[in-house]
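This report concerns only the one structure given below.
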Amino acid sequence: MGWFLLVPRPNHKQQSTPLSMSQVRVRFAPSPTGFFHIGSARTALFNWLYARHTGGVFILRVEDTDQARNSEEFLSLIYNSLRWLGLDWDEGPEAGGEFGPYRQSERAPVYAQFLERLKASGRTYEKDGALLFRISGEPQVIEDAIRGRVERTEEKDFVIVRSDGKPVFHFVNVVDDISMRVTHVIRGEDHLSNTSKHTELFKALGEPIPVYAHIPLILKQNGPGKMSKRDQGALVEEYQKRGFLPEALVNFLCLLGWSPKDDREKLPLAEIVRLFDLPGVNQSNARFDEKKLAHMNMVYLHEMVPERCFVLARDFLFARNFFPEGAPDEAYLREVIALCQPKVRAIEDLPGFIGYFFSDDFAIDPKAKEKVFAKGDPKGRLGELLTSIPTADFSSDAALEVLVQGLAAQHGAGTGDYIHPARLAVSGSGVGPSFYGLLRVLGRDRVAARIGRFLATA
RNA sequence: GCCCUCAUCGUCUAGCGGCUAGGACGGGGCCCUCUCAAGGCCCAAACAGGAGUUCGAUUCUCCUUGAGGGCACCA
C-alpha cells in the first residue's frame with residue numbers, strides 16, 4: 001500500500017493539457033438492463049464522493065446500447081434510487097451539461113465520428129461483417145489509483161462494431177470517456193482486465209488515458225461470487241420500500257471498501273466527503289453483511305429527530321396500507337411514533353409494534369399472560385390501578401409514575417406488580433414502549449376500558 | 001485452460017518492521033430494570049501455509065493454497 005508515497009499521485013496533468021483537466025470529472029455509467037443493485041450503488045457512491053471531495057464533476061451516463069434488454073422502467077428506477085441516496089449528478093440526463101447527450105442511444109453521431117478517426121489510423125479491419133480493432137500487442141501498463149501498477153497484455157483483436165452496425169461496449173465506453181472529458185475512471189474490479197482493451201483504444205485514438213481506480217467488489221453474503229441483482233437483499237429499491245434510511249445505507253456502503261482509518265463508523269456524509277480519497281480505498285473484496293446494515297440503520301433511526309421519523313413512519317404505514325379504515329388522528333399518530341422510535345430497530349418493525357394503539361381488537365400473548373399470572377395477585381393490582389384511573393393525571397409520564405409508585409407503596413407491592421399486568425391488559429403484549437408513556441399516549445379512556453375488559457375476561 | 005486482482009477475528013475493518021494485534025456487527029454472559037428487538041459492562045474470536053530479507057516480520061520479496069474477476073458481434 002506504500003506505492004503512492006513513492007509515486008506522485010494521479011498524474012492526469014501530465015497526460016493532457018492542464019486547462020482541460022484541471023477539474024476532476026468522474027462518471028457513473030449504469031446500463032438500465034435490470035434492477036439497481038447495491039454494487040452499482042456503491043460504485044456510484046464512490047464516484048460521487050470523489051467528485052465532491054475534489055470539487056469535481058459527477059456525470060451520469062446511461063449505457064443503453066443493449067436495446068433488447070433496456071427498459072425505461074429500469075432507467076427511472078436508477079434515477080429514483082440515486083436521488084433517494086442523495087447522489088445528485090452535475091451532468092447527465094435530466095441535468096444537462098455541455099458534453100451530452102448523456103444517453104448512449106442518442107450518441108450515434110459521436111461514435112460514427114470517432115470510428116472514422118480510428119479507421120483513419122489504419123487499426124481497423126472487417127471480418128464477417130463486423131469491424132475489428134487491431135491491437136498493438138504491447139503490454140498495457142496502468143497506474144491504478146487503488147492498486148498501483150497493473151500490467152496486462154491484450155492478446156487478440158476484438159470487435160468494435162457488430163455486423164448489425166452497432167458499436168460495442170469497449171468502444172463506446174472509451175469514446176464517451178474521451179468526449180465527456182472524463183479524468184478518473186472509478187469502476188468495479190470486474191473491469192480491471194478490460195482496461196487493456198481500453199488503453200489500446202485511447203492510444204490508437206491519440207487521446208490521454210484517464211486515471212483508473214478499480215474498486216473491490218461486493219460479494220454476496222451467502223455463497224460464492226460477487227453480488228448480483230438476483231441476490232437476497234441486493235436491490236436498492238427494496239431497502240427504500242422497507243423504510244430503510246438512505247443516510248444509513250450510504251454510510252454502510254462507504255464502509256464497504258473504505259474506512260476513515262480510525263474507529264469511527266457512523267459519520268456524517270460531509271465528514272466522509274472530507275476524508276474520502278482513492279488511495280484510502282481497500283483492495284480486497286468485501287462481503288455484504290445485512291446484519292450490520294440493520295444495525296447502522298437502527299443507530300440512525302434512534303438519533304433521528306422525531307418529526308422526521310414521524311414523516312417517514314407515516315408515509316411507510318400508509319404505503320403498507322396499515323390503516324385500512326382511514327387515517328388516524330395525526331397528533332395521536334405523532335405521539336405513538338415518538339414513543340416507539342427508541343424501541344424499534346427499523347421503520348419496518350413499526351406495524352408489528354404499534355397495532356394495539358389503533359385497535360382494541362388485539363390478542364393477549366399467552367406466554368406473557370402465563371408469566372404475569374405466575375406470581376402475586378395481578379388482578380388485585382389491576383383493580384387498584386383501575387380504581388385510581390378516573391382521578392389520575394395523564395398529562396405526563398412523570399405523573400403516572402408517581403401514581404403507580406404511590407399505589408405500590410400503599411399496598412406494599414413493587415411497581416413491577418402493576419406494570420407487567422397493566423402492560424399486558426392494555427397492549428396484550430409483554431414487550432413494548434416505555435410503560436408510563438404507553439399509558440399516557442393511549443389515554444385515560446382506552447386504559448380504563450382495556451383494564452376493565454381484561455379483568456372481566458382474563 | 002490462459003490472464004488479472006486480492007488475502008488480519010464468522011463478517012466489515014485499524015495496523016504501513018518492534019503493538020497485551022485495536023474498533024464495529026454478529027455470538028455468549030452479566031447488569032440496569034417497567035418489558036425489550038433499547039442502554040451499560042465483560043468474554044470468546046484473526047495475522048492461510050512455506051521459504052527468504054532483516055537483530056526482529058501481520059507489515060517487504062517469492063512460492064503454494066484459497067478467494068474474486070476477466071477472457072462475447074452483453075454491458
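Computation of the quantities below employed the complete heavy-atom set of this structure, encompassing side-chain atoms and omitting hydrogens, waters and symmetry-equivalent molecules.
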(message) Between B/C31 and B/G23, how far apart are the two P atoms, rounded to whole Å?
(response) 24 Å

(request) Can you tell me which residue pairs pass the side-chain hydrogen bond (donor to acceptor under 3.5 Å, both in side chains) test with a partner in residues 421-443 of chain A, sequence neighbours excluded? (result) A/Glu335-A/Arg440, A/Asp397-A/Arg440

(message) Applying the Watson-Crick and G-U wobble criteria at under 3.5 Å, what pairs with B/C47? Answer none if nothing qualifies.
(response) none

(message) Distance check needed: B/A24 P versus A/Lys292 NZ, whole Å only.
(response) 9 Å

(message) By the salt bridge (charged side-chain N to carboxylate O under 4.0 Å, His left out) test, which pairs, at least two apart or in different chains, include something from residues 127-141 of chain A?
(response) none

(message) Give me the distance, rounded to whole Å, that separates B/G10 from B/G26 when you measure between the C1' atoms they each carry.
(response) 8 Å

(request) Name all residues meeting the side-chain hydrogen bond (donor to acceptor under 3.5 Å, both in side chains) criterion together with A/Arg274; count only those two or more places apart in sequence or in a different chain, and write none if there are none. (result) A/Glu271

(request) Rounded to the nearest angstrom, tell me the gap between atom CZ in A/Arg287 and atom P in B/C9. (result) 12 Å

(request) Figure out the CG/C1' separation between A/Leu217 and B/G69, and round it to whole Å. (result) 6 Å

(request) State which of B/C71, B/G68, B/A75 makes the closest approach to the side chain of A/Lys156. (result) B/C71

(request) If B/G52 has a Watson-Crick or G-U wobble mate with both distances under 3.5 Å, name it; if not, just say none. (result) B/C60

(message) Does A/Gly188 reach a base, just sugar-phosphate, or nothing at all? Heavy atoms under 4.0 Å.
(response) nothing

(message) Side chains of A/Ser395 and A/Asp393 only: does a donor on one sit below 3.5 Å from an acceptor on the other?
(response) yes

Please list, pair by pair, any protein nitrogen or oxygen found under 3.5 Å from a nitrogen or oxygen in nucleotides 18-22 of chain B.
unit_1	atom_1	unit_2	atom_2	d
B/G22	N2	A/Asp263	OD1	3.4

(request) Provide the distance between the two C1' atoms, one in B/C12 and one in B/A72, to the nearest whole Å. (result) 35 Å

(request) Please identify each residue that fulfils salt bridge (Lys or Arg N to Asp or Glu O under 4.0 Å) with A/Arg107, with sequence neighbours left out. (result) A/Asp176

(request) Tell me the partner of B/U11, counting only Watson-Crick (N1-N3 plus N6-O4 or O6-N4) or G-U wobble (N1-O2 and O6-N3) with both under 3.5 Å; none if nothing fits. (result) B/A24

(message) Need one value for A/Glu265: base, sugar-phosphate or nothing, where a base atom within 4.0 Å counts as base even if backbone is also close, heavy atoms only.
(response) base

(request) Counting heavy atoms from C-beta on, name the nucleotide in B/G10, B/U13, B/A75 closest to the side chain of A/Ser259. (result) B/U13

(message) Between P on B/G69 and CD1 on A/Ile215, what's the gap in Å once rounded to a whole number?
(response) 15 Å

(request) Produce a footprint string for nucleotides 34-44 of chain B: one letter per nucleotide, 5' end first; B if the base is under 4.0 Å from any protein heavy atom, S if only the sugar-phosphate is, - if neither. (result) BBBBSS-----

(request) Salt-bridge test for A/Glu91 and A/Arg61: reply yes if a basic N is under 4.0 Å from a carboxylate O, no otherwise. (result) no

(request) Select base, sugar-phosphate, or nothing to describe what A/Ser163 touches, counting heavy atoms under 4.0 Å on all strands. (result) base

(request) Looking at every strand, decide which applies to A/His170 at a 4.0 Å heavy-atom threshold: base, sugar-phosphate, or nothing. (result) base

(request) Applying salt bridge (Lys or Arg N to Asp or Glu O under 4.0 Å), name anything that partners A/Lys197, two or more places apart in sequence or on another chain. (result) A/Glu154

(request) If B/U33 has a Watson-Crick or G-U wobble mate with both distances under 3.5 Å, name it; if not, just say none. (result) none

(message) Please compare A/Leu255 and A/Lys127 by the position of their nearest nucleotide in RNA chain B and report the one closer to 5'.
(response) A/Leu255

(request) Quick one: which residue pairs count as a side-chain hydrogen bond (donor to acceptor under 3.5 Å, both in side chains) with a foot in residues 341-351 of chain A, not counting sequence neighbours? (result) A/Arg242-A/Glu348

(request) Determine which pairs satisfy salt bridge (charged side-chain N to carboxylate O under 4.0 Å, His left out) with at least one residue from residues 247-258 of chain A, sequence neighbours left out, and list them in order. (result) A/Glu247-A/Arg308

(request) Using the C1' atoms only, state how far B/A67 lies from B/G29, rounded to an integer number of Å. (result) 35 Å

(request) Determine, step by step, whether A/Phe46 and A/His184 satisfy the ring-ring contact (aromatic ring centres under 6.0 Å, His included) criterion, reporting the C-alpha distance in whole Å, the side-chain angles of both residues, the deciding distance to 0.1 Å, and the verdict. (result) CA-CA 12 Å; A/Phe46 279 23; A/His184 294 67; over 10 Å; no

(request) Measure from CG on A/Leu293 to C1' on B/G26 and round the result to the nearest Å. (result) 14 Å

(request) For A/Asn282 and B/C12, give me the distance from atom CG to atom P, rounded to whole Å. (result) 10 Å

(message) Between B/C16 and B/U53, how far apart are the two P atoms, rounded to whole Å?
(response) 25 Å

(request) Return each pair, listed once, that meets salt bridge (charged side-chain N to carboxylate O under 4.0 Å, His left out) where at least one residue sits in residues 362-374 of chain A; pairs must be two or more places apart or across chains. (result) none

(request) Check the distance between B/A75's P and A/Lys197's NZ and give it to me in whole angstrom. (result) 13 Å

(message) Using atom C1' in both nucleotides, what's the gap between B/C32 and B/G49 to the nearest angstrom?
(response) 47 Å

(message) Using the C1' atom as the point on both nucleotides, what is the distance between B/G22 and B/U8, in whole Å?
(response) 11 Å

(message) For the backbone of A/Gly383 and the side chain of A/Thr387, can you confirm whether one donor and one acceptor N or O come within less than 3.5 Å of each other?
(response) yes

(request) Select base, sugar-phosphate, or nothing to describe what A/Gly225 touches, counting heavy atoms under 4.0 Å on all strands. (result) sugar-phosphate

Nucleotides 2-6 of chain B: which of its N/O atoms have a protein N/O under 3.5 Å away?
unit_1	atom_1	unit_2	atom_2	d
B/C3	O2'	A/Arg152	NH1	3.1
B/U5	O2'	A/Arg147	NH1	2.5
B/U5	O2'	A/Glu189	OE2	2.8
B/C6	OP1	A/Gln283	OE1	3.0

(request) Mind checking A/Ala130 for me? I need base, sugar-phosphate or nothing, with any heavy atom below 4.0 Å counting as a touch. (result) base

(request) Can you tell me, in whole Å, how much space there is between the C1' of B/C25 and that of B/C9? (result) 12 Å

(request) Could you pull out all residues at least two apart from A/His420 that satisfy side chain to side chain contact (heavy atoms under 4.5 Å, CB included)? (result) A/Val372

(request) Taking the six-membered ring for Trp and the full ring for Phe, Tyr or His, determine whether the centres of A/Phe288 and A/Phe252 are under 6.0 Å apart. (result) yes

(request) Would you mind classifying the nucleic acid contact of A/Lys166 as base, sugar-phosphate or nothing, using non-hydrogen atoms under 4.0 angstrom? (result) nothing

(message) I need the CG-P distance between A/Asp157 and B/C71, as an integer number of Å.
(response) 16 Å

(request) Tell me the partner of B/A67, counting only Watson-Crick (N1-N3 plus N6-O4 or O6-N4) or G-U wobble (N1-O2 and O6-N3) with both under 3.5 Å; none if nothing fits. (result) B/U5

